[in-house]
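Following: one structure in structure tokens, then a few remarks.
All heavy atoms count here, side chains included; hydrogens, waters and symmetry mates do not. What you see is a predicted model, and the numbers here were worked out from it, not measured in a lab.
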Amino acid sequence: DDDDDDDGGEDVDDATVGLGVPISHQITFDHTSKPVSALHVDPAGARFAAGSYDYQLRFYDFGGIDARLNFFRAVEPCAGHPVRSVAFSNNGEQILVITGSNLAKVYDREGTEICATTRGDMYIMDLVKTHGHVATINVGLWHPVNRDQFITASIDSTVRVWQTADSRKSIAVAKCRGKLGRKAGVTSLYVHKDGKLMVAGCADGSLHVISHVGKVMRVTQTLQTAHAEGTAVTAVKLDRAAATLVSRGVDGFVKWWDMSKPLKQPVAAVGDCPCDFELTDCIFSPDEKYVVTGTCASKKSGESGLVVLFDNQTHTKVQQFAVSEASVYRIVWHARINQIFVGSADGKIRVFFDPNRSFRGALMCASRPARKPDPLDMRFGDEALAAFAPHALRQFRQDESTRFQSAKKRKDKARKDPLQSKRPELPFDNDQHTGVGKQGRLAGFASSYNQYLAIKTSYNPMKDEDAREAILRHAEAAEKTPFFVAPAYKNTQPQPIYDVEGLEEADDEVVKKRKFDPKKRPV
């Protein structure tokens with residue numbers, strides 16, 4: 001984590017100071033190595049939550065963070081699905097979490113799950129008749145008036161209103177249609193402060209104005225050509241008076257619309273804002289003087305991720321500042337503490353502030369020293385330090401690799417395994433072919449004990465050879481060229497002397513052994 005550097009903060013020019021943008025100092029949270037896809041701060045500015053493509057939702061508390069800038073809790077709302085949107089309730093006690101699944105979940109500010117929505121029936125053609133979403137949910141917002149209600153928008157083209165007390169069924173549904181009446185997946189949503197007016201941006205580049213009165217929701221205006229055809233609308237925002245609408249698209253344009261007239265042509269459009277993320281933010285400043293958005297980085301052109309500010313009256317670019325070499329995705333400008341939170345594709349969250357204009361928030365933890373480690377510090381119940389038994393985890397089990405194989409492949413693989421096929425032990429490989437074997441295993445030249453007995457009981461010509469004659473066969477050569485005994489006594493005893501006393505001359509001739517004839521049976 002990068003600690004705050006009060007003396008080494010980036011100096012800004014007089015024009016930036018005059019704008020009142022709090023970017024003179026910054027601190028960086030090493031959130032994760034994956035892109036930050038969701039970011040929101042509670043109304044009091046004391047905590048913020050961030051989600052990313054590593055499927056984790058992490059909670060940060062400025063009151064308990066030191067210079068190490070670590071999160072105090074992390075949860076995984078839905079396994080295998082990235083967090084796409086996070087929103088604190090109006091009182092800051094609950095958090096609405098949207099993942100890549102078709103379920104929305106509500107947590108308290110401590111990270112405990114409270115409720116979850118239900119899945120819809122994908123086989124029902126009319127999505128108004130089903131109770132929930134049937135595809136990925138992209139956006140989730142709290143109702144600005146009713147604290148126990150929240151709104152979700154999905155790629156299945158529906159916008160639904162839910163109640164936390166009974167999340168088994170949505171209480172209101174609106175459908176967004178594209179050209180030829182086809183479904184238009186909703187990628188962005190904004191709810192006005194009275195809760196009666198909503199604006200939805202879709203994946204086909206269209207805008208839909210939705211009216212919500214009681215339990216009735218219906219689309220009142222539709223503009224199919226708001227942005228380039230086939231490009232998603234990443235963000236839509238209304239000002240407090242609901243007179244101006246700002247939309248941001250993947251086509252690289254930021255457009256202003258007049259809500260007092262039917263949506264036909266934009267009041268202004270500014271290009272040259274590259275975007276590669278379908279949920280890139282575009283927001284108003286707290287005083288609504290500026291429109292703030294982020295741009296994507298490009299390795300080919302060498303461009304870095306920027307935060308760009310446009311004047312809301314003249315619709316011109318007034319300021320930009322580089323954040324990192326990665327693309328900028330999420331931006332939150334908190335009005336109460338006057339600090340800008342930026343989440344980028346490199347997995348870092350940067351908090352920009354000005355000590356003269358900002359309050360609390362990052363100022364509380366930037367200069368707070370880290371706690372010194374104590375020798376008695378121990379960690380219990382940490383999964384990172386836990387020791388698992390072999391094959392206890394599913395991904396390391398032996399049968400996990402063969403779970404999706406066909407029966408023939410599993411049978412062939414088991415046939416090659418000597419344990420599963422119960423193959424008998426192979427005979428002991430004995431190159432010298434001496435002995436029956438070792439360690440209870442037969443030698444390699446005998447495949448069975450019967451064969452071994454047959455080999456041992458068969459006729460062997462070496463048995464009938466006289467050992468004395470075999471030795472005397474080499475007597476003449478040994479006498480001419482002595483090698484072993486005679487050279488040792490050549491100098492001390494050149495003439496050999498033998499002790500012949502007690503020897504008995506053998507009068508009888510040596511009786512040779514009778515050769516074995518297998519045809520004759522022994523008497």
Side-chain angles (χ1 to χ4, degrees), residues 37 81-82 84-85 98-104 117-141 151-162 169-191 197-213 215-238 245-255 257 259 261-266 269 275-280 282:
S37 56
H81 294 278
R84 301 183 67 87
S85 176
I98 304 299
T99 61
S101 67
N102 54 1
L103 297 179
T117 61
T118 185
R119 290 185 175 89
D121 190 348
M122 66 178 68
Y123 298 103
I124 298 178
M125 297 299 296
D126 189 0
L127 296 179
V128 177
K129 304 299 182 180
T130 185
H131 297 330
H133 291 291
V134 297
T136 300
I137 304 176
N138 285 325
V139 190
L141 298 172
I151 303 111
T152 58
S154 171
I155 203 69
D156 63 0
S157 75
T158 61
V159 178
R160 296 179 181 270
V161 181
W162 307 79
K169 181 180 179 180
S170 57
I171 60 176
V173 184
K175 295 187 294 183
C176 299
R177 295 293 184 180
K179 292 183 178 180
L180 304 178
R182 296 176 180 175
K183 296 179 181 179
V186 183
T187 56
S188 57
L189 179 69
Y190 186 78
V191 183
L197 179 63
M198 304 180 189
V199 180
C202 298
D204 59 354
S206 60
L207 291 176
H208 301 264
V209 180
I210 303 173
S211 173
H212 179 212
V213 180
K215 294 185 179 181
V216 179
M217 290 180 64
R218 62 187 183 91
V219 178
T220 58
Q221 290 190 64
T222 300
L223 180 60
Q224 301 292 344
T225 59
H227 287 267
E229 185 177 358
T231 59
V233 180
T234 65
V236 289
K237 289 293 185 294
L238 285 169
L245 169 66
V246 177
S247 63
R248 172 80 156 98
V250 178
D251 57 357
F253 280 87
V254 178
K255 297 184 179 182
W257 307 84
M259 294 297 293
K261 302 176 182 179
L263 297 178
K264 292 183 179 181
Q265 294 294 331
C275 176
D276 58 0
F277 184 55
E278 63 178 7
L279 299 178
T280 302
C282 182

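Leu207 is listed as a side-chain neighbour of Leu245, based on a closest heavy-atom distance under 4.5 Å. Two residues are said to be in side-chain contact when any heavy atoms from C-beta on lie closer than 4.5 Å; His133 and Thr158 meet this criterion. Inter-residue side-chain proximity for His212 and Val191 is flagged as unmet; no heavy-atom pair is nearer than 4.5 Å. The side-chain heavy atoms of Val254 and Val246, taken from C-beta on, include a pair separated by under 4.5 Å. Residues Val159 and His208 have side chains not in contact (no heavy-atom distance under 4.5 Å, counting atoms from C-beta outward). Contact of the Leu127 side chain with the Arg160 side chain is registered, since non-hydrogen atoms from C-beta on lie closer than 4.5 Å. Side-chain contact between Cys282 and Lys237 is absent, with no heavy-atom pair separated by less than 4.5 Å. Ser154 places a side-chain heavy atom less than 4.5 Å from the side chain of Ile137.
Gln221 contributes a side-chain N or O that, together with a main-chain N or O of Leu263, makes up a donor-acceptor pair within less than 3.5 Å. Formation of a donor-acceptor pair under 3.5 Å by the Thr130 side chain with backbone atoms of Gly120 is not found in this model. A distance-only check finds a donor-acceptor pair linking the side chain of Asp156 to the backbone of Val134 [under 3.5 Å]. Using modelled atom types, no side-chain atom of Thr231 and backbone atom of Gly205 make a donor-acceptor pair closer than 3.5 Å.
Across all non-hydrogen atoms, the minimal contact from Gln224 to Thr222 is NE2-CG2, 3.2 Å. Listed here is the closest heavy atom pair of Ala226 and Lys255: O-NZ, 2.7 Å. Of all heavy-atom pairs spanning Leu103 and Thr118, the tightest one is CD2-C, 3.8 Å. Pairing each heavy atom of Val139 with each of Ser188, the nearest pair is CG2-CA, 3.7 Å. Nearest heavy atom pair, residue Val236 against residue Tyr190, reads O-CB, 3.3 Å. When all heavy atoms of Ser101 and His81 are compared, the pair lying nearest together is N-ND1, 3.6 Å.
Between Leu238 atom CG and Met259 atom CE the span is 5.5 Å, to the nearest 0.5 Å. Note that CG of Asn102 and OG1 of Thr136 are 7.5 Å apart. Values are rounded to the nearest 0.5 Å. Interatomic distance, OG of Ser206 versus NE2 of His227, reported as 10.0 Å (0.5 Å rounding). A distance of 7.0 Å separates CH2 in Trp257 from CD in Gln265, rounded to the nearest 0.5 Å.
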Margin query: Apply side-chain contact (heavy atoms from CB on, under 4.5 Å) to residues Arg182 and Asp204 and explain how you reach the verdict.
Written below: CA-CA 10 Å; Arg182 296 176 180 175; Asp204 59 354; over 6 Å; no

One pair to check against side-chain contact (heavy atoms from CB on, under 4.5 Å): Asn138 and Val186. What are the steps and the verdict? CA-CA 7 Å; Asn138 285 325; Val186 183; 5.9 Å; no

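A salt bridge links Asp126 to Lys175: at least one charged side-chain nitrogen sits closer than 4.0 Å to a carboxylate oxygen.
Counting heavy-atom neighbours within 6.0 Å of Glu229 CD, excluding the residue itself, gives a total of 12 or less.
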